[in-house]
Amino acid sequence: MLLILILFSLNASTNIICKIIFPIETLPLDNYIISSNISSHKITMLYSLRKKFYTFLEIGTPIQKVPLFIDTRENTFEITSFSRENIINYHLVYNLSSIFNKYDFFKENKSSTFKTDGCIKSNNMFDDHLYDCFSYEIINLYKENKIEIKNFGFNMVKNKEENITGILGLGLFDKKSDISKSFLKILKDKNIINNYNWYFLFNSWNETNGKLILGSLPHEDYPNIFSEDDLEYTYIPLDDYSFSHNSYKIEFNEIKINSEINLLNVNAELNFDSNVIIANKEFETELRKKFIKNLIIEEKCFKDTVKQNIYYINDLIYYYCEVNTKFILYDYLPSIKFISKDLNYTFEITKDELYKIDGDYIYLNILFDYGKNYWILGKHISLKYPFVFNQDSKKIGLYKNYNKKKYINEKRENNNINIIKIFLVLFFSIVLLLIGFYLGKTIYKMKRKIRANELNDNYEYINDTKNQNDNKNYSIEMKIKL
């Protein structure tokens with residue numbers, strides 16, 4: 001599987017469109033460290049909360065394959081330098097042992113092409129590492145053939161608190177961050193891409209493998225599936241300082257549940273790291289009034305808390321119920337609709353996405369954070385709908401008439417075509433081998449027949465010595481009779 005594909009195509013105005021495709025995988029559940037002292041209900045919620053994306057990068061001479069976590073809240077591009085034995089075990093969240101069967105941390109002392117400007121101690125109290133070393137290295141991209149990009153700049157960090165091998169940040173550019181070290185910024189400065197557009201491409205929101213595409217838009221890459229006429233943009237709200245300044249957000253004019261709950265003017269962050277929704281206290285209060293309170297009194301539903309990670313200040317509240325309450329829950333909370341007038345579109349999370357059944361219990365895939373006045377929408381929204389993002393313009397785009405079925409069918413057709421091509425190549429290879437074998441055998445038989453005919457003839461060689469004009473001539477007489 002190719003790490004990165006660089007594809008070049010021409011649009012209507014003959015401008016070259018350059019795109020980079022990273023294969024994306026979801027970190028398996030066994031790669032998270034979870035305390036054995038917590039309840040099975042907490043574990044269930046943590047597994048839904050933690051769905052981190054990662055890819056990998058080929059770097060150095062000889063090539064080293066380094067995993068990179070995808071982060072849409074930061075615009076950092078950094079690669080960690082230390083061996084697994086030297087991890088500072090402060091706050092470990094990940095156990096990457098299974099990934100290290102294929103990948104590893106970057107080891108700069110093993111690369112003959114590594115260069116650095118030197119290391120400085122980090123003075124930012126919020127940094128999770130001790131040293132920053134701005135460095136340069138060869139990275140490998142793929143077009144039709146391998147392309148080496150020399151002197152690719154990156155921040156190599158040392159003595160990191162967490163055992164993360166690297167980060168590819170896609171978050172918004174802001175005034176406080178050094179955008180010159182952003183991955184997309186470096187690509188654009190080197191004319192590898194023409195813009196800061198990027199998007200994810202998955203067959204469905206809950207699939208574990210997909211693609212991250214940088215430098216292009218879906219209607220340019222898949223014109224039979226996406227249309228530019230269907231693309232609507234909205235600007236990301238930046239005036240709410242409770243947000244992460246680098247995350248992608250949408251302002252929803254209304255959030256509706258049936259006709260009973262209607263919240264107005266709610267901002268929401270799009271999150272790609274989990275399969276849950278994190279809502280605010282206002283929404284939890286409404287749900288408790290409508291039905292959860294009564295189910296708790298009847299001891300059919302239960303309330304608990306879980307901490308997302310060590311960097312998350314507030315505990316998250318969640319609810320789970322006996323599985324026989326399923327239809328009661330479906331009746332009271334069948335779906336949630338998010339209405340955006342700017343995009344002129346209504347997003348919906350259905351009951352199949354709102355709940356998770358595990359054994360004898362049904363879990364509400366909504367957690368509540370009392371410390372936030374905005375929502376965080378997981379993959380039910382962020383991957384379910386065809387969004388596109390731009391780091392620089394601070395806009396989010398949506399294809400409102402995305403033909404998902406057509407994309408899946410086209411992908412299947414392409415897969416079928418590839419299978420047919422492989423079959424034809426194998427078939428004709430076998431045919432050519434058989435023809436070659438047959439011709440070789442035929443020629444061999446013909447040669448044997450000619451040789452046999454020659455041996456069946458009688459040849460006479462005469463050995464005699466005669467004096468002619470006092471000169472001696474020699475001839476050999478030899479008779480062979482078979």
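Note: Phe114 and Phe106 have tilted aromatic rings, judged against thresholds of 30 and 60 degrees for the angle between ring planes.
With sequence neighbours excluded, the residues satisfying side-chain contact (heavy atoms from CB on, under 4.5 Å) with Asn275 are Lys51, Trp205, Lys379, His380. Take Asp304 and apply the salt bridge (Lys or Arg N to Asp or Glu O under 4.0 Å) test, not counting sequence neighbours, and it matches Lys42. With sequence neighbours left out, the ring pair (Phe, Tyr, Trp, His ring centres under 6.0 Å) criterion links Phe69 to Tyr94. Partners of Asn155 by side-chain contact (heavy atoms from CB on, under 4.5 Å), not counting sequence neighbours, listed by chain and number: Glu78, Asp132, Val157. In this view, Phe389 and Trp198, Tyr248, Phe272 satisfy the ring pair (Phe, Tyr, Trp, His ring centres under 6.0 Å) rule, not counting sequence neighbours.
Inspection of the Asn95 and Ser97 side chains reveals an N or O donor paired with an N or O acceptor under 3.5 Å. Defined by atom type and a distance below 3.5 Å, a donor-acceptor pair is missing between the side-chain atoms of Asn401 and Ser227. Residues Ser340 and Glu251 bring no donor and acceptor atom of their side chains to less than 3.5 Å of each other.
Under a 3.5 Å cut-off, the side chain of Asn75 and the backbone N or O of Leu172 do form a donor-acceptor pair. Using modelled atom types, one side-chain atom of Thr165 and one backbone atom of Pro67 make a donor-acceptor pair closer than 3.5 Å. The closest donor-acceptor contact from the side chain of Ser247 to the backbone of Arg73 lies at 3.5 Å or more, if one exists at all. In this structure a side-chain-to-backbone donor-acceptor pair under 3.5 Å is missing from Lys351 to Leu329. Between the Ser81 side chain and the Lys107 main chain, no donor and acceptor come within less than 3.5 Å of each other. Using a distance-only test at 3.5 Å, with no hydrogens or angles considered, a donor-acceptor pair links the side chain of Gln391 to the main chain of Gly171. Although no hydrogens or angles enter the test, the distance criterion places no donor-acceptor pair under 3.5 Å between the side chain of Asp189 and the main chain of Ile186.
When side chains are defined from C-beta on, Tyr318 does not count as touching Leu49, because their heavy atoms never get closer than 4.5 Å. Looking at Leu27 and Leu96, their side chains come closer than 4.5 Å, going by heavy atoms from C-beta outward. Annotation: side chain of Leu168 is not in contact with side chain of Leu57 (no heavy-atom distance under 4.5 Å).
Closest approach of Tyr374 to Glu269, counting heavy atoms only: CE1-OE1, 4.0 Å. Shortest non-hydrogen contact noted between Ser48 and Val276 is CB-CG1, 3.5 Å. The two atoms that bring Thr55 and Pro23 nearest to each other are OG1-O, 2.8 Å, heavy atoms only.
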Using the rule given for side-chain hydrogen bond (donor to acceptor under 3.5 Å, both in side chains), can you reason through Glu108 versus Thr116, listing the C-alpha separation, both sets of side-chain angles and the distance that settles it, and then say yes or no? CA-CA 10 Å; Glu108 70 275 15; Thr116 182; over 6 Å; no

For side-chain hydrogen bond (donor to acceptor under 3.5 Å, both in side chains), just list the numbers for Glu25 and Thr208, CA-CA rounded to whole Å, side-chain angles, deciding distance to a tenth of an Å, and then say yes or no. CA-CA 6 Å; Glu25 297 183 44; Thr208 57; over 6 Å; no

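A salt bridge does not link Asp230 to Lys400: none of the charged side-chain nitrogens sits closer than 4.0 Å to a carboxylate oxygen.
Side-chain rings of Tyr47 and Tyr32 stay apart, their centers remaining 6.0 Å or farther from each other. Residues Phe53 and Phe202 place their aromatic rings such that the two centres sit under 6.0 Å apart.
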Let me check something: any side-chain donor-acceptor pairs from residues 358-368 under 3.5 Å, sequence neighbours excluded? List them with distances.
from: Asp358; atom 1: OD2; to: Thr44; atom 2: OG1; distance (Å): 3.3
from: Tyr363; atom 1: OH; to: His41; atom 2: ND1; distance (Å): 2.6
from: Asn365; atom 1: ND2; to: Glu353; atom 2: O; distance (Å): 3.2

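With a 6.0 Å radius and a threshold of 12 heavy atoms from other residues, nucleotides or ligands, Lys337 has its NZ atom at or below the threshold. More than 12 heavy-atom neighbours from other residues, nucleotides or ligands sit within 6.0 angstrom of NZ on Lys190.
Cation-pi contact between Lys303 and Tyr319: absent, since separation from the ring centre below 6.0 Å together with deviation from the ring axis within 45° is not met.
For the ring pair (Phe, Tyr, Trp, His ring centres under 6.0 Å) criterion with Phe387, the lone passing option out of Tyr199, Phe200, Phe347, Tyr399 is Phe347.
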